[in-house]
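Here is the structure we will look at.
All of these numbers come straight from a predicted model, not from anything done at the bench. Order of appearance sets the numbers: ligands from 1, and atoms from 1 within every ligand.
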Amino acid sequence: MNEGTLFVVATPIGNLDDLSPRAREVLGAADLIAAEDTRVTGRLLSHFGIKSRQTDHNEASVVARLIGELLDGKSIALVSDAGTPSISDPGFRLLREAHQAGITVSPLPGACAFVAALSASGLPTDRFVFEGFLPAKKAARAKRLQDLGNETRTLIFYESVHRIAATIQDLIDCFGAGRRAFIGRELTKLYEQCVGADLAGLAAMLEEGQIPRKGEFVIVLEGAAELAPANDSIDAQRLLEELVEILPGKQAVAIVARLSGQKRNVLYDKMLALRPEAAD
Ligand code: SAM
């Protein structure tokens with residue numbers, strides 16, 4: 001059997017000039033373009049005068065058909081609406097099945113919103129975690145943020161215009177208003193904004209409209225300071241019991257974590273055992 005190639009093609013996140021010449025060539029030469037939404041990709045293709053056939057690839061039955069075409073020797077270019085396919089975008093299922101079928105997979109790197117934001121953020125880039133979109137539901141979101149409480153690597157989140165202000169507030173509640181952060185808004189587009197400040201500063205700019213609540217956002221957040229070595233001279237449980245009597249639960253946890261060197265998520269669970277009503 002003559003086996004084809006699945007090309008994973010990054011497309012622009014705003015500025016169409018970011019489509020690489022090689023991506024244009026592969027999109028033009030592919031037997032088929034597997035798109036997230038053929039109408040969105042259609043606009044990109046017509047801008048570049050590319051006439052290749054397109055299909056959606058979100059259904060399981062379509063994935064099976066595409067694997068068949070690849071095994072028949074056809075080349076397929078996987079794209080999403082913007083940026084790098086399968087990064088907070090569809091593509092995972094097709095890629096997994098292509099690998100299982102032993103098909104050649106070849107990436108064409110290009111625009112990716114989180115890489116663009118991180119690269120401009122001025123925050124440490126040697127180690128980072130990409131968290132994508134936080135859960136929409138309040139409890140799941142609070143739990144995810146709580147789990148990240150001790151994360152020392154730089155954190156990266158995608159966020160929509162509807163939730164950007166609420167998310168910055170959630171980050172303040174969990175990590176403290178003084179944590180350094182960065183917002184990349186409308187990257188590569190006409191109204192691009194790259195703003196670094198502490199979380200309190202970003203919240204104020206969103207509130208006052210210096211950062212308009214319009215467009216697309218990436219948040220980059222400084223990691224936690226390395227935990228102090230565990231301090232055995234402090235009775236963390238006792239201190240927590242005292243502090244939850246006089247402070248909000250999260251603040252009590254933050255102080256005990258800092259003084260004792262114990263993990264915040266462990267202390268948070270202990271705090272909830274003492275004061276279940278302090279749960280988010
Ligand atoms: N696959 C894409 C990539 O490679 O970045 C991400 C797709 S995800 C569905 C869309 C999210 O990416 C947006 O909600 C926003 O958080 C971020 N994003 C995409 N384009 C952006 C841009 N031009 N500026 C800032 N953020 C952007």
Let me check something: any side-chain donor-acceptor pairs from residues 26-41 under 3.5 Å, sequence neighbours excluded? List them with distances.
{"unit_1": "Asp31", "atom_1": "OD2", "unit_2": "Ser75", "atom_2": "N", "d": "2.7"}
{"unit_1": "Asp31", "atom_1": "OD2", "unit_2": "Ser75", "atom_2": "OG", "d": "3.4"}
{"unit_1": "Glu36", "atom_1": "OE1", "unit_2": "Asp81", "atom_2": "N", "d": "2.8"}
{"unit_1": "Asp37", "atom_1": "OD1", "unit_2": "Arg39", "atom_2": "N", "d": "2.9"}
{"unit_1": "Asp37", "atom_1": "OD1", "unit_2": "Arg39", "atom_2": "NE", "d": "3.1"}
{"unit_1": "Asp37", "atom_1": "OD2", "unit_2": "Arg39", "atom_2": "NH2", "d": "2.8"}

Kindly print each ligand 1 N/O atom paired with any protein N/O atom under 3.5 angstrom away, one pair per line, or none if nothing qualifies.
{"unit_1": "ligand 1", "atom_1": "1 (N)", "unit_2": "Ala82", "atom_2": "O", "d": "3.4"}
{"unit_1": "ligand 1", "atom_1": "1 (N)", "unit_2": "Thr84", "atom_2": "O", "d": "3.0"}
{"unit_1": "ligand 1", "atom_1": "1 (N)", "unit_2": "Ile87", "atom_2": "O", "d": "2.8"}
{"unit_1": "ligand 1", "atom_1": "1 (N)", "unit_2": "Asp89", "atom_2": "OD2", "d": "2.8"}
{"unit_1": "ligand 1", "atom_1": "4 (O)", "unit_2": "Thr84", "atom_2": "N", "d": "2.8"}
{"unit_1": "ligand 1", "atom_1": "5 (O)", "unit_2": "Ala113", "atom_2": "N", "d": "2.8"}
{"unit_1": "ligand 1", "atom_1": "5 (O)", "unit_2": "Tyr158", "atom_2": "OH", "d": "2.6"}
{"unit_1": "ligand 1", "atom_1": "16 (O)", "unit_2": "Glu159", "atom_2": "N", "d": "3.2"}
{"unit_1": "ligand 1", "atom_1": "16 (O)", "unit_2": "Glu159", "atom_2": "O", "d": "3.4"}
{"unit_1": "ligand 1", "atom_1": "16 (O)", "unit_2": "Phe217", "atom_2": "O", "d": "2.6"}
{"unit_1": "ligand 1", "atom_1": "20 (N)", "unit_2": "Glu216", "atom_2": "OE1", "d": "3.3"}
{"unit_1": "ligand 1", "atom_1": "23 (N)", "unit_2": "Ile13", "atom_2": "O", "d": "3.0"}
{"unit_1": "ligand 1", "atom_1": "23 (N)", "unit_2": "Leu187", "atom_2": "N", "d": "3.4"}
{"unit_1": "ligand 1", "atom_1": "23 (N)", "unit_2": "Leu187", "atom_2": "O", "d": "2.9"}
{"unit_1": "ligand 1", "atom_1": "24 (N)", "unit_2": "Leu187", "atom_2": "N", "d": "2.8"}

Check your understanding: Under a 4.5 Å side-chain heavy-atom rule over Ile, Leu, Val, Met, Phe, Trp and Tyr, are Leu202 and Leu145 clustered together?
Key -> yes
| request: Indicate whether the side chain of Thr152 and that of Arg127 have a donor and an acceptor atom separated by less than 3.5 Å. | output: no
Name each donor-acceptor pair under 3.5 Å that joins a side chain in residues 91-111 to protein atoms two or more places apart or in another chain, with its distance.
{"unit_1": "Arg93", "atom_1": "NH2", "unit_2": "Asn58", "atom_2": "O", "d": "2.3"}
{"unit_1": "Thr104", "atom_1": "OG1", "unit_2": "Glu3", "atom_2": "OE2", "d": "3.1"}

For residues 206-222, please give each side-chain donor-acceptor pair under 3.5 Å, one per line with the distance, not counting sequence neighbours.
{"unit_1": "Glu216", "atom_1": "OE1", "unit_2": "Lys189", "atom_2": "NZ", "d": "2.9"}
{"unit_1": "Glu222", "atom_1": "OE1", "unit_2": "Arg180", "atom_2": "N", "d": "3.3"}

**Asked** Are Phe130 and Phe157 close enough that their ring centers fall under 6.0 Å?
**Response** no
